[in-house]
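Below: the structure, in structure tokens.
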Amino acid sequence: MDAFKLLTRSTKLKPASSASDSRLPSTGKAANPQLFRTAETDKLESAKNGKKRKRGAAVQQDEEDIPDLDFFSSNKRPATSVTETAATAEDDEKVSAENAASDDDDSMDEVERRTILNSHKIKVTDMRDLEKTQAQPTSTTDSKKKKKKSKKEEAPTLSKKEQKRARRLFPEPLLNFKELRSKYKISSRLAENVADQGFTVPTEVQLGTLPLLLGESSEPDLLVVAPTGSGKTLSFLIPVINKIVRHHHSNPDEHGILSVVVAPTRELASQIVNEGRKLVAGTGVKIALMRKGMRVGDHGDANVLDENSEESSGSEDEDAESKPAKERANIPVTKSDILVTTPLMLVNALSANRTTSMATLPLVRSLVMDEADVLLDPLFREQTLDIWKSCSHPDLRVGLWSATMGSNIEDLTKSTIRERLEELGQKPSEPHALLRLVVGLKDSAIPNIDHKLVYAATEQGKLMGLRQLLRPAAASPSDIRLRPPFLIFTQTIPRAVALHSELKYDIPAEAGGSSRIAVLHSDLSDGQRSDIMRDFRKGEIWILVTTDLLARGVDFRGINGVVNYDIPNSAAVYVHRVGRTGRAGREGGIAVTYYTKEDIPYVKSIANIIDVSEKLRGGEEGDKSIQKWLLDALPNLSKNSKKDMKRHGVKARQAPRLTDKEDDGKGARGMRISTKSGFERRLENNRRGAIEASRNRKAAAAASGNVSDTGSWGGLDD
Ligand SMILES: Nc1ncnc2c1ncn2[C@@H]1O[C@H](COP(=O)(O)OP(=O)(O)OP(=O)(O)O)[C@@H](O)[C@H]1O
């Protein structure tokens, strides 16, 4: 079914197979998932891969490997029968002699490593103090060690620039997924599961981080800043799972939670579990979503939940609360190896809803913070740090992942690592580094989507613009053409609800009517949220109105666009919201941002992000959507106003009474989401009042035994 055609009710539109359509993310054709590469590296990588591969070849191979998709079908290949058997130690040692021999042949010299990493815009930095860096160099190459040694002698006189250079590392990149097995010797079952996903080319973040986390040198603590949709989930899950497979072999008697993955929303946590389940199949590793009532932590009892039964139930979102009270009372301790959770859920479980001190998670060796900058933002900071500190094993490694990360997060990470070890009074069994890996430009939006910053003057203007997107036939050729499925972001829940009720009858009945548009926010029940997510992924819902709840991490592969109906509260939020489209390098996604008079003071940071993204993309100056004159004309925002905006959004939109029914306050009037005139609204209110009054009179008459409506009419309310 062509959603666009149905929405336009037009037969004159180009068929879906036209050239421009085939570039849409929802067409399902896989793009090259790498965002940055040059012809030079292509040659070098091809030579290293032992075969000639042109730039297009990777794309072509991907296309062959990944079947055509519906809007949102998951990236599963045709099911391979994977039985849930535990991997054996023998299995993992079964690396062919040929592969082992090829390791040496494949190793690169520093120039090659530099060339590849630079062309992919991957920058690895040692974050420790320079003295420590020099005392314990992370193993890259001999020449690197020598270089650091010589730097050590110069350390006291190094300029800032030289210090920066001294901290740069050029570790070996991952050239293809086969190397995971041949070079890094990951569990063969895990390697098969990765291959089953149909991925052939590692994305930049995978290319850079997997060798660091799987290599022979001591696993580092890692801060990763990489673009939205660049495959960070796979990058942290593969090493975590592999580490647990190894752990099971070396410590067969130690059972419990070995890894914790923290994510800011339930939707993201649930998605990580789903991705994890594909990867753990047959490895003996168990992954579970933290649910209300689940008991975790060191409570000193042995009542253990068999997660196998949970896996086979297959329901990602079923939570303990939905179970009968009798069953709930006996909720046992989870037996998962990997627990995926939101911060509050785990903190509540570890502290009996903050009534006791935090229990510990003594076996956890890996703590992953997905969307780390928001987890360490004041909103979640206390909870996240509590979880971090409850992981009491001295060999804990942390990974902080996001598409945006301020330097305050780096400082907080350093100090927390130090404080935690001081509090523990124990040292890790081997020294390890804190590294930072950045892909592309820090805190920038992906270059493979089109950004449209649209001045709509007023709230009414925004609504009219949005309606034009819903009825594209009415638009002129120069107008933005955004094909469903897409997401619409608003600043607050009441605005999302109001916008949804305003738009829900705009979809023609023959296109599915109001069932095609839905609203998702945190005031809905868990069950409602899961249902909407499922229907949107299945392509039954085409337009989803939401808040920043879905701004981060959530991966809908086939989203064609994002509409910022209300401007985002910060540049970082913009990066994340628009990153819901253009996943894994897909071209053709559009990000439309409307702004009004009230928004002008806040637009510059967004315009800057768009400008940088367009520069990253290259192309002619004239193609740019943000012209220099606009950037120069937009006002700068003071630090305090930025802070205020980040916390509260545009003030005028905070007013809670925004629906037609509730809103008669003068302050919020300009921000009302409605195209009806004041006169129409008054008439509607009066009609509603008259009906209500008539109903009351009838009820009163019925109560007094007189059913005939002889009472005088109270008139129209105003
Ligand atoms: N090597 C690859 N080749 C092709 N597709 C990939 C590859 N790795 C991951 N993907 C796909 O890319 C999409 C985005 O991945 P993921 O959700 O991990 O992105 P992310 O970096 O975590 O994004 P965000 O910052 O928005 O959370 C997923 O659909 C995933 O299956």
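Counting starts at 1 for both ligands and their atoms, in listed order. All values below were derived from every heavy atom in this structure, side-chain atoms included, with hydrogens, water molecules and symmetry-related copies excluded.
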Pair E587, R617 - check salt bridge (Lys or Arg N to Asp or Glu O under 4.0 Å), show working. CA-CA 12 Å; E587 295 277 344; R617 189 183 192 127; 3.2 Å; yes
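- Checked against S366 for a side chain to side chain donor-acceptor pair (under 3.5 Å), the options K243, E219, R397 give a single hit: K243.
- Proximity to T233 (heavy-atom distance under 4.0 Å) selects the following atoms of ligand 1: 16 (P), 17 (O), 18 (O), 22 (O).
- With rounding to the nearest 0.5 angstrom, the CD1 atom of I488 is 6.0 Å from the CD1 atom of I543.
- When the options F199, W401, F177 are ranked by their closest heavy atom to atom 5 (N) of ligand 1, first place goes to F199.
- By the 30° and 60° cut-offs, the orientation of the rings of F536 relative to F556 is perpendicular.
- Between the side chains of R537 and Q271, a donor-acceptor pair is found at a separation under 3.5 Å.
- Counting heavy atoms from C-beta on, the side chains of L616 and F36 come closer than 4.5 Å.
- Nearest to atom 25 (O) of ligand 1 by heavy atom, out of K232, R577, K278, E371, is K232.
- Less than 4.0 angstrom separates some heavy atom of R580 from each of these atoms of ligand 1: 26 (O).
- In terms of polar-atom proximity, defined here as any N/O pair under 3.5 Å, G229 does make such a contact with ligand 1.
- Here S230 has heavy atoms under 4.0 Å from ligand 1 in both its backbone and its side chain.
- On a distance-only criterion, G231 and ligand 1 share at least one N/O pair closer than 3.5 Å.
- Residue contacts with ligand 1, taken as heavy atom pairs separated by less than 4.0 Å, involve Q206 solely via side-chain atoms from C-beta onward.
- Geometrically, ligand 1 and E275 share no nitrogen or oxygen pair separated by less than 3.5 Å.
- Between V201 and ligand 1, at least one pair of N/O atoms sits closer than 3.5 Å.
- Taking every heavy atom of P227 and a limit of under 4.0 angstrom, the matching atoms of ligand 1 come to 21 (O).
- Ligand 1 does not have A226 within reach: every non-hydrogen atom of the residue lies 4.0 Å or more from it.
- Salt bridge absent: D370 and K232 never bring a charged side-chain N and a carboxylate O closer than 4.0 Å.
- Residues that satisfy the side-chain hydrogen bond (donor to acceptor under 3.5 Å, both in side chains) test with R534, not counting sequence neighbours, are D531.
- For D555, every heavy-atom contact with ligand 1 shorter than 4.0 Å involves the side chain, none the backbone.
- The two atoms that bring D443 and V575 nearest to each other are O-CG2, 3.9 Å, heavy atoms only.
- Figure legend: R113 and F170 shown without cation-pi pairing, the cationic atom not lying both under 6.0 angstrom from the six-membered ring centre and within 45 degrees of its axis.
- Short contacts between ligand 1 and R557, defined as distances under 4.0 Å to a heavy atom of the residue, involve ligand atoms 29 (O).
- Numbered from 1 in the order shown, with element, the atoms of ligand 1 that lie under 4.0 Å from a heavy atom of P33 read 3 (N), 4 (C).
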